[in-house]
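Here is the structure we will look at, set down as structure tokens.
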Amino acid sequence: MKSKGYYVVGSILLLAFIGFSLSSFKQTLTPYVSYEEARTANRMVQVAGALEKGSSSYHQDNQSLYFNLKDLKTQQGLRVRYKGVKPGNFEDAISVVAIGHFDAATKEFEANKLLVKCPSKYQGAEVKQYS
């Protein structure tokens, strides 16, 4: 009879642990959202878009990079501010993913992290080889 009670208590503890783990995991996810959703989100999100050529400027004094992203589907733009060292290949970027949150006071997306996708120097190498 005692061993049945241990199984019940153990099962309850296991279920509580699983529930806590799933809740914690869900809070750490940073989903991709549209620019409109990013402007209203109260948490960390990811936005992706094409770098608008000529829109970037880097301020050495406060190590801030400012640039515009453009959504190719909706043609909407989003002003992004990134504090940190400017990525070396940033000007060659064809697309950028910014991870952060929208600051309603400055009306800019404050990025904590940037993922920059540049054209590959190997792009099309397979086509030339087999043509």
Side-chain angles (χ1 to χ4, degrees):
M1 201 58 147
K2 282 185 173 183
S3 64
K4 188 175 182 181
Y6 291 131
Y7 286 122
V8 171
V9 170
S11 298
I12 290 172
L13 288 174
L14 182 62
L15 289 175
F17 176 74
I18 290 172
F20 176 74
S21 298
L22 289 176
S23 173
S24 297
F25 179 71
K26 186 177 177 184
Q27 290 176 356
T28 61
L29 294 176
T30 47
Y32 278 98
V33 297
S34 69
Y35 294 171
E36 286 300 318
E37 291 172 333
R39 287 181 176 101
T40 59
N42 294 332
R43 57 179 284 192
M44 296 280 283
V45 294
Q46 297 186 51
V47 291
L51 175 64
E52 191 176 303
K53 296 296 179 192
S55 69
S56 67
S57 64
Y58 186 72
H59 299 265
Q60 188 70 32
D61 54 336
N62 61 357
Q63 289 190 338
S64 294
L65 174 64
Y66 297 87
F67 60 93
N68 293 336
L69 284 181
K70 188 171 189 178
D71 186 349
L72 297 177
K73 293 179 185 175
T74 64
Q75 299 302 312
Q76 287 185 332
L78 182 67
R79 185 71 174 165
V80 179
R81 179 179 70 230
Y82 170 69
K83 288 197 174 214
V85 178
K86 180 180 178 181
N89 56 353
F90 186 76
E91 296 301 327
D92 299 327
I94 55 174
S95 68
V96 177
V97 175
I99 303 169
H101 68 280
F102 189 76
D103 184 2
T106 61
K107 297 187 179 182
E108 294 174 330
F109 187 84
E110 286 188 21
N112 298 334
K113 186 174 183 182
L114 294 179
L115 305 173
V116 179
K117 181 178 180 185
C118 294
S120 173
K121 66 180 181 179
Y122 302 108
Q123 190 173 9
E126 303 86 23
V127 175
K128 289 180 184 175
Q129 183 180 2
Y130 295 110
S131 295

Quiz item: Between the side chain of Y35 and the main-chain N/O of A48, is any donor-acceptor distance below 3.5 Å?
Solution: yes

Quiz prompt | Side-chain touch E36/T74, heavy atoms, less than 4.5 angstrom | solution = no

Practice problem: First locate atom CZ of F102, then atom CE of M44, and finally report the distance between them rounded to the nearest 0.5 Å. | Solution: 15.0 Å

Quiz item: Only one of L78, V97, D71 clears side chain to side chain contact (heavy atoms under 4.5 Å, CB included) with V47; which?
Solution: L78

Quiz item: To the nearest 0.5 Å, what is the distance between NZ (K86) and CD (E91)?
Solution: 4.0 Å

Practice problem: Determine the minimum heavy-atom distance between D103 and R81, stating which atoms define it. | Solution: OD2-NH2, 3.9 Å

Practice problem: Would you please indicate yes or no on a ring centroid separation below 6.0 angstrom for F67 and F90? | Solution: yes

Exercise. Any chance you could measure L69, atom CG, to Q76, atom CD, to the nearest 0.5 Å?
Key: 12.0 Å

Quiz item: Looking at side-chain heavy atoms only, is the closest gap between V96 and V80 below 4.5 Å?
Solution: no

Quiz item: Quick one: do the Q75 and K70 side chains pair a donor with an acceptor below 3.5 Å?
Solution: yes

Practice problem: To the nearest 0.5 angstrom, please state how far the OG atom of S56 sits from the OH atom of Y66. | Solution: 13.0 Å

Quiz item: Can you name the nearest heavy-atom pair linking V116 to A93, along with the distance?
Solution: CG1-CB, 3.4 Å

Practice problem: Look at the side-chain heavy atoms of Ile, Leu, Val, Met, Phe, Trp and Tyr, link any pair under 4.5 Å apart, and say whether Y58 and L51 land in one connected group. | Solution: yes

Quiz item: When you look at NZ of K113, are more than 12 heavy atoms from neighbouring residues, nucleotides or ligands closer to it than 6.0 Å?
Solution: no

Quiz item: Atom OG of S57 and atom CG of L65: how far apart are they, to the nearest 0.5 Å?
Solution: 7.0 Å

Quiz item: Rounded to the nearest 0.5 Å, what separation is found between the CD atom of Q46 and the CZ atom of F109?
Solution: 8.5 Å

Quiz item: Would you say K117 has more than 12 foreign heavy atoms packed within less than 6.0 Å of its NZ?
Solution: no

Self-check item: By side chain to side chain donor-acceptor pair (under 3.5 Å) - contacts of N112 (at least two apart)
Solution: none

Quiz item: What's the shortest heavy-atom distance between G77 and R39, and which atoms?
Solution: O-NH2, 2.9 Å

